[in-house]
Amino acid sequence: MTGRIPARAGKLAAALLATAAVLAVMAGGASASGTVIYNDIPSPLPGNVPSQAFEATSTSEAGSEVQFAGASAATTKVSVALSSWACESGGAEDGSCVTAAGAKFEWPVTLHIYTVGLGNTVGTQIASLTRTFKMPYRPSANATKCPGNGGWYRAGSCFHGKLFKIAFVLKGVSLPSQAIISVAYNTSDFGAEPQRSKTPAGGPYDSLNLGLTGTPTVGSQPQPEDAYLNSTWTGAYCDNGLTGTGTFRLDAGCWAGDQPLFKVETG
């Protein structure tokens with residue numbers, strides 16, 4: 001089985017900044033492909049990868065610092081790989097997951113891009129864009145191919161989550177040579193607008209994770225052992241929250257091999 005939440009140093013359970021120029025404009029998720037200046041999303045896309053679970057780790061926003069391989073142009077497309085552990089009914093790991101073929105749910109996700117501040121801190125926000133996406137539920141459990149683990153099956157492997165991509169198109173944004181890219185979204189108990197009071201039973205967004213493990217094929221990761229996180233849980237951080245919780249900040253030292261999956265195209 002692959003695709004479990006990583007246990008960086010045992011910290012992940014199985015389970016504000018001023019805007020200098022927010023110039024992002026949505027121009028359609030499938031357009032604006034051009035020159036790739038950063039990519040750590042594997043191709044072909046695997047069934048799933050380890051992932052950062054927002055609801056399970058009290059997370060509202062997560063991202064990483066990237067070094068681009070070239071200059072940005074007037075239009076930039078940013079793709080993000082997410083992992084859906086949501087079933088239409090049943091659970092992701094106990095064999096009860098049932099999902100109709102092609103079933104999807106809709107949920108908004110916000111892309112943020114920041115400059116890199118002194119000491120790799122979060123600098124000024126230079127872009128922010130929210131889009132609502134149709135996202136897949138993970139496929140039904142395959143009791144024949146994945147007996148006893150509740151996974152779905154593809155090409156010789158069993159998975160508990162399903163990896164997929166979403167894309168944002170930005171116009172009028174000039175990217176620096178290095179930037180911090182992140183995504184944010186609401187879950188039942190976390191995010192800018194927690195949903196529990198609106199939907200007491202929760203929703204598929206509680207099983208929506210950010211895909212990790214990226215190794216760049218274009219561009220680079222200046223701080224491959226570090227990431228950026230906003231969580232209210234001390235155990236989500238490399239330093240056990242000693243330098244603060246509940247704000248989007250540098251989290252240094254325990255993210256090697258667990259970098260978020262992004263692709264940036266410009267032109």
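We number each residue from 1, following the sequence as shown.
- V218 and I113 fall into different hydrophobic clusters, where Ile, Leu, Val, Met, Phe, Trp and Tyr are joined by side-chain heavy atoms under 4.5 Å apart, directly or via other members.
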side-chain contact (heavy atoms from CB on, under 4.5 Å) assessment of M135 paired with S84
CA-CA 8 Å; M135 304 182 180; S84 173; 5.9 Å; no
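- Between T187 and Q195, the side chains place no donor N or O within less than 3.5 Å of an acceptor N or O (distance only, hydrogens not considered).
- Two different hydrophobic clusters hold V36 and L170 under the rule that ILVMFWY side chains link at heavy-atom gaps under 4.5 Å.
- Side-chain contact check for H112 versus S128: some heavy-atom pair is nearer than 4.5 Å.
- Aromatic rings of F262 and Y38 (six-membered ring for Trp) have centroids beyond the 6.0 Å cut-off, not under it.
- Across T215, L212, I41, N39, a single residue satisfies side chain to side chain contact (heavy atoms under 4.5 Å, CB included) together with L261, and that is I41.
- No donor-acceptor pair under 3.5 Å is formed between the side chain of N240 and the backbone N or O of L242.
- Between R249 and T121, the side chains place no donor N or O within less than 3.5 Å of an acceptor N or O (distance only, hydrogens not considered).
- Contact detail for P139 and K162: the closest heavy-atom pair is CD-CD, 3.9 Å.
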Run D258 and T213 through side-chain contact (heavy atoms from CB on, under 4.5 Å) and show every step you take.
CA-CA 4 Å; D258 285 335; T213 70; 4.2 Å; yes
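- One distance of note links CD1 of I37 with CD of Q67; it measures 10.0 Å at 0.5 Å rounding.
- Within the 4.5 Å cutoff, the side chain of E65 has no heavy atoms near those of the Q221 side chain.
- Between W85 and E93 the shortest side-chain heavy-atom distance falls below 4.5 Å.
- Contact check for I166 versus L82: side-chain heavy atoms found under the 4.5 Å cut-off.
- Of the N and O atoms on the side chains of N209 and S83, not one donor lies less than 3.5 Å from an acceptor on the other residue.
- For S231, the side chain to side chain contact (heavy atoms under 4.5 Å, CB included) partners at least two apart in sequence or on another chain are S58, T59, L229, W233, A236, Y237.
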Decide yes or no on side-chain hydrogen bond (donor to acceptor under 3.5 Å, both in side chains) for T99 and R138, but give the supporting numbers first.
CA-CA 7 Å; T99 295; R138 57 143 283 185; 5.8 Å; no
Please assess L45 against K165 for the test side-chain contact (heavy atoms from CB on, under 4.5 Å), listing each intermediate value before the final yes or no.
CA-CA 9 Å; L45 203 66; K165 294 187 292 185; 4.2 Å; yes
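- Side-chain N or O atoms of Y205 include none that pairs as donor or acceptor with a backbone N or O of L208 at under 3.5 Å.
- Looking only at distances, a side-chain donor or acceptor of W152 sits under 3.5 Å from a matching main-chain atom of G161.
- Here the CG atom belonging to N230 is positioned 9.0 Å from the CZ atom belonging to F54, to the nearest 0.5 angstrom.
- The two atoms that bring A141 and G95 nearest to each other are CB-O, 3.8 Å, heavy atoms only.
- Annotation: salt bridge (Lys or Arg N to Asp or Glu O under 4.0 Å) contacts involving residues 197-226, sequence neighbours excluded, comprise E193-K198.
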Does the side-chain hydrogen bond (donor to acceptor under 3.5 Å, both in side chains) test come out yes or no for Q52 and T57, once each step is laid out?
CA-CA 8 Å; Q52 177 74 15; T57 62; 3.2 Å; yes
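- F168 and F133 have perpendicular rings, their planes meeting at more than 60° on a 0 to 90° scale where under 30° would count as parallel.
- In plain terms, the two heavy atoms of G203 and S188 that are nearest each other are N-OG, 4.3 Å.
- The line from CG of N48 to CZ of F159 is 7.0 Å long, rounded to the nearest 0.5 Å.
- Proximity of I181 to L111: side-chain heavy atoms (C-beta onward) are separated by under 4.5 Å at one or more points.
- Remark: K104 NZ is packed, more than 12 non-hydrogen atoms of other residues, nucleotides or ligands lying under 6.0 Å away.
- In this structure the side chain of S72 reaches within 4.5 angstrom of the side chain of T266, judged on heavy atoms.
- A donor-acceptor contact shorter than 3.5 Å is absent between the side chain of R131 and the backbone of T110.
- A distance of 12.0 Å separates CD of E265 from OG1 of T75, quoted to the nearest 0.5 Å.
- Contact annotation: the side chain of S182 never approaches that of Y228 to less than 4.5 Å [non-hydrogen atoms, C-beta and beyond].
- A distance-only check finds a donor-acceptor pair linking the side chain of T115 to the backbone of T124 [under 3.5 Å].
- Taking 4.5 Å as the limit, some side-chain heavy atom of P176 sits within range of a side-chain heavy atom of I126.
- The minimum heavy-atom distance between N186 and P194, with the atom names listed, is OD1-N, 4.5 Å.
- Cluster membership for L129 and V173, using ILVMFWY side-chain heavy atoms within less than 4.5 angstrom, is shared.
- Among all heavy-atom pairs drawn from F68 and V264, the shortest one is CE2-CG2, 3.8 Å.
- Contact record, F248 with G63: CE1-N, 4.1 Å, taken as the closest heavy-atom pair.
- The line from CD1 of I180 to CD of Q125 is 11.0 Å long, rounded to the nearest 0.5 Å.
- In this structure, NZ on K145 lies 9.5 Å from SG on C158, to the nearest 0.5 angstrom.
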